[in-house]
Amino acid sequence: MHDENLTAERPSFVTHLECSYTTERHRADEVHNLSRAGKPLLVRYDLAGVRKALSKEALARRPADLWRYRELLPVRRASDIVSLGEVVTPLVRLRKLARKLGGGELIVKDEGRLPTGSFKARGLVMAVSMAKALGIGHMAMPTNGNAGAALAAYASAAGIRTTIFCPEDTPEVNVSEIALQGAAVYRVNGLIDDCGKIVAEGKTKVGWFDTSTLKEPYRIEGKKTMGLELAEQLGWDVPDVIFYPTGGGTGLIGMWKAFAELEAIGFIGNKRPRMVAVQAAGCAPMVRAFEEGKEHAPRWENAQTIASGIRVPQAIGDFLILRAVRESHGFAIAVSDEAIQAALGEAAREEGFLMCPEGAATYAAYKQALADGRIRRDERAVLFNCATGLKYPLPPARRTLDRHQPIDYTAL
Ligand SMILES: Cc1ncc(COP(=O)(O)O)c(C=O)c1O
C-alpha cells in the first residue's frame with residue numbers, strides 16, 4: 001500500500017547538533033559520534049519554523065506511522081528513509097489489573113508490534129536512514145539483543161554492512177535473528193559495556209561506524225517518537241506518570257525531549273508526566289545514583305537480571321536520565337527478578353497480555369509504587385512494553401494427552 005509519509009518530500013527543520021553537557025554547537029549533515037566534550041549530541045530544530053509549518057489537523061490526515069512526524073525528524077530526503085513498516089503502536093488498557101489494585105487508569109504502550117518485535121526499531125530506523133544519507137558503509141554495535149536485531153534488519157535493507165557484539169548469554173532467539181538478518185554477530189564473554197569497548201577500539205582499527213546507544217545522535221530522535229505518538233494518542237495530552245524500563249535510557253531521554261518540542265510548537269501545554277526509571281534490582285545504577293543525589297551513575301558490578309534488555313551496568317547518558325527524572329519530579333525504582341516474573345505471569349493470565357520481562361518490570365514497579373504511595377490512586381499511568389514477550393524463553397507447558405487411550409473428560 002502506498003504510504004505518502006515515505007515518499008512525500010517534507011522539510012526537516014534540523015538546524016544543528018548540540019552537546020548535551022556543554023551546549024556547544026556541532027554542524028548538522030555530517031558524520032558524528034560524541035560531542036567534542038565526549039558527551040551525547042542532541043539534534044536541535046527550528047521549532048518556530050515547525051510551529052508555522054505543521055498543524056495538528058495536517059498531522060491527523062497523514063498515514064499512521066512514525067514518519068508522520070517528519071518535520072521533527074532528522075532525515076531530509078524521502079529517498080533515504082529505510083522503512084520496514086513502523087506502525088503506531090497501540091495503547092492497551094489493563095482494566096482488570098487496575099480494578100484489582102484499586103489504582104487509576106493503567107495503560108500499556110505495546111511496542112512489541114514494531115518491526116523486529118521491539119521499540120529498538122524506532123531508534124535504528126532513524127540511525128540507519130541517517131547512515132544511508134551520510135554515506136556510512138559499515139555499522140557496528142554492542143547489544144543486549146533487540147537493538148542488534150533492529151540494526152541488522154534495517155542495515156541489510158539499506159545495503160549497509162553490520163558487525164554486532166552481544167553478551168554470551170544473550171537469548172538465543174536474538175542472536176539467531178541478528179545472524180539471519182544479515183549481520184556478523186559475535187557472542188562475547190562479558191557484558192554490554194565490554195562489547196562496547198570492542199566496538200570503540202574497532203572504530204579506528206576496522207573503520208566501522210560506532211552505533212552504540214547515545215554515541216550516535218539519531219537513535220534518540222527515533223525513540224523520541226514514542227513521546228510524540230503517546231501525546232497524540234491521548235488527544236495532545238500527557239499521562240500523569242510514565243514507567244520506562246531503563247537501560248541506556250534513550251527512550252526516557254527521547255520522550256522528555258519530545259514533550260519539550262511539542263510544547264515549543266504549541267501542541268501541548270507545560271504539564272509533564274513524572275518520568276519513572278525502572279531498573280532490575282540486580283542492575284540498578286540509576287536507582288542508586290538517584291537515591292544518593294548524584295549527577296552521574298558509576299558502573300554497577302556483577303550485573304544480573306532476567307530482563308536482559310535493561311542489564312546495562314553503566315550508561316553514557318546517565319546524567320540525562322537522572323536530569324529528566326528529577327526535572328519531572330519522578331523517581332527511579334528497582335524491582336526484583338521474582339517480582340518481574342510474577343508480574344509477567346499475572347498480566348498474561350489475567351489480561352492475556354504477554355509482556356517482555358522489561359515491560360513486566362514496569363508493571364511490577366507500578367504495583368510497588370502504588371503500594372508505597374509514590375503513585376496516587378487517581379493517576380493515569382503509562383507502562384512501556386518495549387518488546388514482544390514471544391522473543392524470550394518461555395516456561396514449558398507440560399500437560400499431554402494420549403489420544404489412543406480413553407480420555408477422562410471430568411479431569412480436564
Ligand atoms: C526489551 C528492552 N527493554 C528496555 C531496554 C532499554 O532501553 P533503553 O536503552 O532505551 O533504556 C532494552 C534495550 O536493550 C530492551 O531491549
Side-chain angles (χ1 to χ4, degrees), residues 40 89 108-114 116-124 126-127 141-151 164-167 170-171 173-175 177-178 191-193 195-196 211-216 218-227 242-258 275-280 283-287 297 300 303 305-318 320-322 324-325 332 335 340 344 354-365 383-393:
T89 61
V108 182
K109 189 153 172 67
D110 188 14
E111 298 283 295
R113 321 286 180 106
L114 285 160
T116 71
S118 89
F119 68 169
K120 296 288 177 183
R122 292 184 189 271
L124 273 309
M126 213 55 64
M141 178 198 267
T143 182
N144 277 328
N146 289 323
L151 173 61
I164 292 175
F165 304 89
C166 58
T170 300
V173 61
N174 289 124
V175 186
E177 64 177 326
I178 295 170
L191 294 178
I192 189 166
D193 52 349
C195 298
T211 321
S212 304
T213 303
L214 292 174
K215 286 191 183 172
E216 184 285 337
Y218 304 108
R219 287 175 66 180
I220 186 173
E221 294 305 295
K223 285 278 195 87
K224 181 179 87 179
T225 61
M226 289 190 290
I242 289 178
F243 283 77
Y244 185 79
T246 306
T250 331
L252 192 147
I253 302 164
M255 281 193 276
W256 194 240
K257 185 171 187 284
M275 305 297 288
V276 178
V278 178
Q279 299 205 297
C283 181
M286 296 305 146
V287 182
W300 186 277
T305 169
I306 55 164
S308 47
I310 51 175
R311 194 178 59 173
V312 179
Q314 191 160 27
I316 190 159
D318 53 0
L320 296 171
I321 299 169
L322 291 161
V325 167
V335 288
I340 294 174
L344 199 152
L354 186 61
M355 296 177 125
C356 62
E358 298 79 2
T362 65
Y363 175 51
L383 315 178
F384 273 83
N385 184 53
C386 27
T388 165
L390 293 172
K391 284 184 93 167
Y392 295 76

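For reference, positions follow the sequence shown, starting with 1. Whatever order the structure lists them in is the order used to number ligands and atoms, beginning at 1. All figures in this text were calculated on a predicted structure; none of them were measured in a lab.
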For Gly249 and ligand 1, does the shortest N/O to N/O distance drop below 3.5 Å? yes
Those atoms of ligand 1 less than 4.0 Å from some heavy atom in Tyr392: 1 (C)
Only counting residues at least two apart or in another chain, list the ones meeting side-chain hydrogen bond (donor to acceptor under 3.5 Å, both in side chains) with Glu221. Tyr45, Lys224, Lys257
How far is atom 9 (O) of ligand 1 from its nearest protein heavy atom, and which residue and atom is that? Gly248 N, 3.1 Å
Restricting to salt bridge (charged side-chain N to carboxylate O under 4.0 Å, His left out), what partner residues turn up for Asp318, sequence neighbours left out? none
Hey, which atoms in ligand 1 end up nearer than 4.0 Å to a heavy atom of Cys386? 1 (C), 2 (C), 3 (N), 4 (C)
Check whether any heavy atom of Tyr244 sits under 4.0 Å from an atom of ligand 1. yes
Distance under 4.0 Å to a non-hydrogen atom of Asn146: what atoms of ligand 1 satisfy this? 1 (C), 15 (C), 16 (O)
Taking the side chain as every heavy atom from C-beta outward, state whether Arg311 and Leu191 have any atom pair closer than 4.5 Å. yes
Any side-chain heavy atom of Lys223 within less than 4.5 Å of one from Lys120? yes
Between Glu177 and Lys391, does at least one N-O distance fall below 4.0 Å, as a salt bridge requires? yes
Quick check for you: to the nearest 0.5 Å, what is the distance between Arg219 atom CZ and Leu214 atom CG? 7.5 Å
Check step by step if side chain to side chain donor-acceptor pair (under 3.5 Å) holds for Arg113 and Thr89. CA-CA 6 Å; Arg113 321 286 180 106; Thr89 61; over 6 Å; no
Consider every N or O of Gly309 and every N or O of ligand 1, then say whether any pair is closer than 3.5 Å. yes
Using a strict cut-off of 4.0 Å, indicate which atoms of ligand 1 neighbour a heavy atom of Thr246. 11 (O)
Do we see a donor-acceptor contact under 3.5 Å between the side chains of Gln279 and Thr246? no
Among non-hydrogen protein atoms, atom 4 (C) of ligand 1 lies closest to Phe119 CZ, 3.5 Å
Assess Ala147 for proximity to ligand 1: is some non-hydrogen atom of it under 4.0 Å away? no
Tell me yes or no: between the side chains of Tyr244 and Glu358, is some donor less than 3.5 Å from an acceptor? no
Taking distance alone, with no angle check, do Asn144 and ligand 1 share an N/O pair under 3.5 Å? no
Hey, does Glu358 come in under 3.5 Å of ligand 1, counting only N/O atoms on both sides? no
Please identify which atoms of ligand 1 are closer than 4.0 Å to at least one heavy atom of Gly251. 10 (O)
N or O contact, Ile310 vs ligand 1, cut-off under 3.5 Å: no
